[in-house]
Each structure stands twice: as structure tokens, then as C-alpha cells.
Visitor: 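Sending over a structure as C-alpha cells; questions will come in a sec.
Counting starts at 1 for both ligands and their atoms, following the listed order. These values consider heavy atoms only, across backbone and side chains, with no hydrogens, waters or symmetry-generated copies.
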Amino acid sequence: MKPVKVGICGLGTVGGGTFNVLKRNAEEIARRAGRGIEVAQIATRHPNAKCDTGATPITADIFDVVNNPEIDIVVELIGGYTLAKELVLKAIENGKHVVTANKALIAVHGNEIFAKACEKGVIVAFEASVAGGIPVIKAIREGLAGNRINWLAGIINGTGNFILTEMREKGRTFEDVLKEAQELGYAEADPTFDVEGIDAAHKLTILASIAFGIPLQFDKAYTEGIARLTTADVNYAEALGYRIKHLGVARRTDAGIELRVHPTLIPADRLIANVNGVMNAVMVNGDAVGSTLYYGAGAGMEPTASAVVADLVDVTRALTTDPNNRVPHLAFQPDSLSDHPILPISACESAYYLRIQAKDHPGVLAQVATILSERGINIESIMQKEAEVQDGLVPVILVTHRVVEQRIDDAIAALEKLDDVVDKVVRIRVEQLN
Ligand code: HSE
């Protein structure tokens with residue numbers, strides 16, 4: 001059988017990795033796919049020193065690939081929203097299948113792209129868009145297809161996890177670690193996407209859609225970054241038996257779906273609390289299977305290429321199949337997506353770590369306890385660091401039971417009005433993940 005012809009658009013970290021893996025593992029890949037997968041054209045403006053493209057035709061214009069009648073599958077690895085969208089829609093219009101690693105594109109424009117792909121009977125595969133090399137989309141979409149998924153929670157930004165790990169373990173500065181992540185090719189072109197949780201929210205949006213069968217709704221995801229975390233809170237969390245991770249959480253409740261990315265205290269003995277460096281991990285809880293955990297490299301040249309190439313194999317196998325009987329893009333049939341709403345963060349429920357900088361006076365703890373109890377907030381543990389009294393101020397650290405966020409907002413507003421409380425109250429969400 002003739003090899004399937006692939007055009008790679010973008011020869012950066014992931015594009016170079018994809019070319020190398022396809023070349024190195026060509027024989028194994030052909031044995032799996034049933035025919036060879038050949039890179040017939042590459043669109044790039046810059047050579048990649050880590051990738052010897054040999055005699056493969058190269059063009060500087062991505063639309064040469066999309067309009068090349070020889071190409072069966074277009075691999076979109078240019079990133080960004082605008083040009084990538086144009087490229088993918090044109091490829092679909094030309095009847096080509098698409099493989100992409102572009103989480104921003106799928107999270108923001110995926111509904112439109114999948115609708116067009118269905119119209120044209122082509123596949124848009126996007127395994128590499130979430131958690132790099134971990135086949136978590138396939139696991140949720142196919143491996144857990146018998147379950148009603150209850151929740152999922154993941155460390156889905158390698159750069160952020162690398163920064164938190166290096167800061168905690170080696171005391172390195174935020175800027176220093178970020179620079180290294182950029183040099184290693186982990187960080188986004190705009191690293192605020194990593195640090196502010198936007199990249200994780202893109203990925204969470206995609207995971208939530210395939211887990212719950214809802215349209216992609218990135219604009220409704222709550223996003224809070226890691227830049228404001230302090231060493232003091234990292235250390236207090238440790239003293240309470242927790243680790244702070246930047247977590248994406250999607251949970252189904254009767255009222256709606258929680259979709260939130262924020263720093264989170266996790267019990268230190270959970271496996272996911274011990275996922276360090278650039279590694280990613282996603283926990284998925286289904287009603288039949290219980291909790292499952294998927295772990296691996298979330299970024300980098302060949303880990304991400306691993307997912308791109310797996311998609312190429314899947315698409316190659318499906319080329320001759322009936323489009324109506326393929327695995328749906330978002331796991332559920334497009335006409336069976338649910339309109340269960342995404343909840344605003346004030347309606348989400350979690351436990352909370354609060355750090356209150358208080359005057360070291362008699363009765364302060366009683367006032368704090370009163371404010372919390374008046375709002376039905378139950379305290380799980382409390383710690384007052386007398387040894388750290390400075391200028392008559394003492395940090396009071398407490399962890400609450402689970403409660404709707406609106407009540408914590410009200411409590412914090414009341415606490416900050418007390419004469420004996422100085423500074424803003426620090427609030428970090430807590431998840432037990434059990
Ligand atoms: N910037 C992303 C990360 C790359 O650090 O996880 C992989 O999506």
C-alpha cells in the first residue's frame with residue numbers, strides 16, 4: 001500500500017521532534033498503521049538544527065502544504081489562534097485530515113473547527129494538545145467510555161510545575177527557573193500563558209469537554225496563576241501536611257460544572273502531590289473505575305511528538321472508515337452534547353487555606369472563629385505561629401472544610417474589616433482528591 005503523505009507546518013520543538021520520531025521509528029509505525037507514514041512536505045521559515053530533514057521538500061508558505069494535492073494529513077504545529085485557525089479551516093475545506101498540538105486553538109475555536117470537520121468528513125486529532133506525551137485524551141475518550149466521569153484534576157502545565165518544584169526544592173528564584181524553562185523549549189511563546197494558568201485553562205477546557213460531553217467553553221474557565229505565591233505559604237502548607245500545586249480542576253455537580261485553574265493545597269501523601277519538575281499528571285474519577293492517574297512528560301520535543309505521531313497512526317488507520325462511525329472529536333456524538341452550565345467560581349465548592357496576619361491580642365482567634373461560624377464555615381485545622389510574632393503581628397493559618405466559595409468571599413471581606421487584622425487575607429483552595 002502507498003504510504004500516507006503528511007505535511008508538517010512548523011518545524012520548531014514539536015515539529016522537529018515529530019519529523020525525527022517518524023523517521024527513526026518508521027518501520028514500527030508502518031507495522032502499526034498498516035502502511036508507511038511519509039513526510040512529503042514541510043513548511044518552515046527557519047531550519048531546525050536538531051532535525052535533519054534531508055531531501056524532504058521545504059516551503060516557507062504553510063498554505064503550500066494545505067493546498068498540496070499530494071498531502072493527506074496536515075500537521076499544524078505553528079501555534080497561536082489566528083493563522084493556525086485559517087490554516088486548519090483551509091485544510092479541512094480541502095478535504096485533508098488535521099493533527100494539531102495547538103491547545104489554544106482547540107479550546108477557543110474547537111467547536112467551529114469540529115463542526116466544519118464533521119461537514120467534510122475529516123478528522124481533527126489533538127492528543128498532543130493536552131499533557132504532551134501522556135495519552136490522556138485517548139484514555140478519557142475511549143478507555144473510560146463506560147463511565148460517568150465525576151471529576152478530573154491535573155497538573156497540566158509543565159513550566160509552572162517546574163517553577164514551583166525548583167523554587168520549593170532548591171530555593172531558586174521564579175525568574176531564574178522561568179528562563180531555564182524557556183531555554184528548554186517548555187514555556188509558551190508568551191510565558192505569562194504558563195504562569196497565569198491560561199495554558200492550563202486551555203487544556204482543562206478540552207479535558208472537561210471530552211469528560212462530560214459539553215461544548216468547549218474556555219471563556220468560562222476560572223484562571224488564577226502562581227506568580228503571587230509566597231515561600232511563607234509554601235512552608236506553612238508543608239507544615240500542615242500539604243503541597244502546593246497549580247491544578248486544573250473540572251467537577252460535575254447537580255448545579256453545573258466547575259472549571260477552574262488555581263494554586264491548590266493537596267495532601268502531601270497523594271501521588272499527584274509528588275509529581276515534580278516538568279512532569280504532568282491527570283487524575284480522572286469515574287463512577288465505575290474509581291480514581292485513575294495518568295503521568296508523564298507534559299512538554300518537550302519528543303514527548304509531544306509521541307502524541308502527534310500516535311494521532312497520525314490513528315488517522316491513517318481511519319482513512320478508509322465511514323466518518324459517521326469514527327470516535328467523535330469530543331468523545332460524545334456532536335448532537336448529544338449537554339448544555340449543563342459552567343459554574344462561576346463563586347458557586348464552586350472547595351476547602352480553603354486562609355492566612356490571616358493578625359495583631360497578637362487576646363480574643364482575635366475568637367473573632368475569626370465567629371466570622372467563619374456565622375457563615376457556616378467549619379474549621380478543620382488551625383495553626384498560630386507564636387514563634388513568628390513580628391512587630392506585634394502573628395500569622396494565623398487555618399484550613400476549612402468544603403464550602404461554597406461565596407461564603408469564603410464574604411468571610412474574607414468581614415475578616416479584612418477587623419481592626420486586629422492587617423493586610424489582605426491569603427486564600428488558597430484545598431482539594432483532598434479522594
Ligand atoms: N508550555 C506548556 C507547558 C507546553 O509548559 O506545559 C506544553 O503544552
Visitor: Checking side chain to side chain donor-acceptor pair (under 3.5 Å) between Y352 and each of R407, R429, E405, R427, which is the one that passes?
Guide: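 It is E405; the other options fail the test.
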Visitor: Which of the numbered atoms in ligand 1 are below 4.0 angstrom from a heavy atom of K203?
Guide: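 Checking each atom against K203, I get 2 (C), 3 (C), 6 (O), 7 (C), 8 (O).
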Visitor: Give a yes/no verdict on a cation-pi contact between R141 and F126, requiring under 6.0 Å between NZ or CZ and the six-membered ring centre and an angle within 45° of the axis.
Guide: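 Yes, R141 sits over the ring of F126.
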Visitor: Based purely on interatomic distance, does T159 place a nitrogen or oxygen under 3.5 Å from a nitrogen or oxygen of ligand 1?
Guide: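 Yes, there is a polar N/O contact under 3.5 Å.
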Visitor: Examine the proximity of ligand 1 to D194 and report which part, side chain or backbone, both or neither, has a heavy atom under 4.0 Å away.
Guide: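 Within the 4.0 Å criterion, D194 contacts ligand 1 through side-chain atoms alone.
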Visitor: Report the part of T304 in contact with ligand 1, treating N, CA, C, O as backbone and CB onward as side chain, heavy atoms under 4.0 Å; options are side chain, backbone, both, neither.
Guide: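 The answer is neither; T304 stays 4.0 Å or more away.
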Visitor: Just distances here: any N/O of A299 and N/O of ligand 1 closer than 3.5 Å?
Guide: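 No, there is no polar N/O contact under 3.5 Å.
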Visitor: What protein heavy atom sits nearest atom 6 (O) of ligand 1, and how far off is it?
Guide: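 The protein heavy atom lying closest is G158 N, 2.7 Å.
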Visitor: Work out whether the distance between some heavy atom of G298 and some atom of ligand 1 is less than 4.0 Å.
Guide: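 Heavy atoms of G298 do come under 4.0 Å of ligand 1.
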Visitor: I want to check something: taking the side chain as every heavy atom from C-beta on, are P191 and T159 in contact at a cut-off of under 4.5 Å?
Guide: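 Result no, sub-4.5 Å side-chain heavy-atom pair not found.
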Visitor: Specify the closest pair of heavy atoms between A208 and L259, including all atoms of both residues, with the distance to one decimal.
Guide: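 That closest heavy-atom pairing would be CB-CD1, 3.5 Å.
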Visitor: Using a strict cut-off of 4.0 Å, indicate which atoms of ligand 1 neighbour a heavy atom of N157.
Guide: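 Checking each atom against N157, I get 1 (N), 2 (C), 3 (C), 5 (O), 6 (O).
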Visitor: Return the residue, atom name and 0.1 Å-rounded distance of the protein heavy atom closest to atom 2 (C) of ligand 1.
Guide: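 Result for atom 2 (C) of ligand 1: E188 OE2, 3.1 Å.
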Visitor: Testing the 3.5 Å rule here: is there a donor-acceptor pair between the side chains of Q432 and Y242?
Guide: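 Yes, a side-chain donor-acceptor pair sits under 3.5 Å.
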Visitor: If you have a sec, work out which protein heavy atom is nearest atom 8 (O) of ligand 1 and how many Å separate them, to one decimal?
Guide: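 Looking at atom 8 (O) of ligand 1, the protein heavy atom closest to it is K103 NZ, 2.6 Å.
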Visitor: Can you tell me if T264 uses its side chain to pair, donor with acceptor, with the backbone of V430 under 3.5 Å?
Guide: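 It does not hold such a pair.
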Visitor: Taking all heavy atoms of I73 and all of V4, pick out the closest pair and write down the distance.
Guide: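 Scanning both residues, the minimum pair turns out to be CD1-CG2, 4.0 Å.
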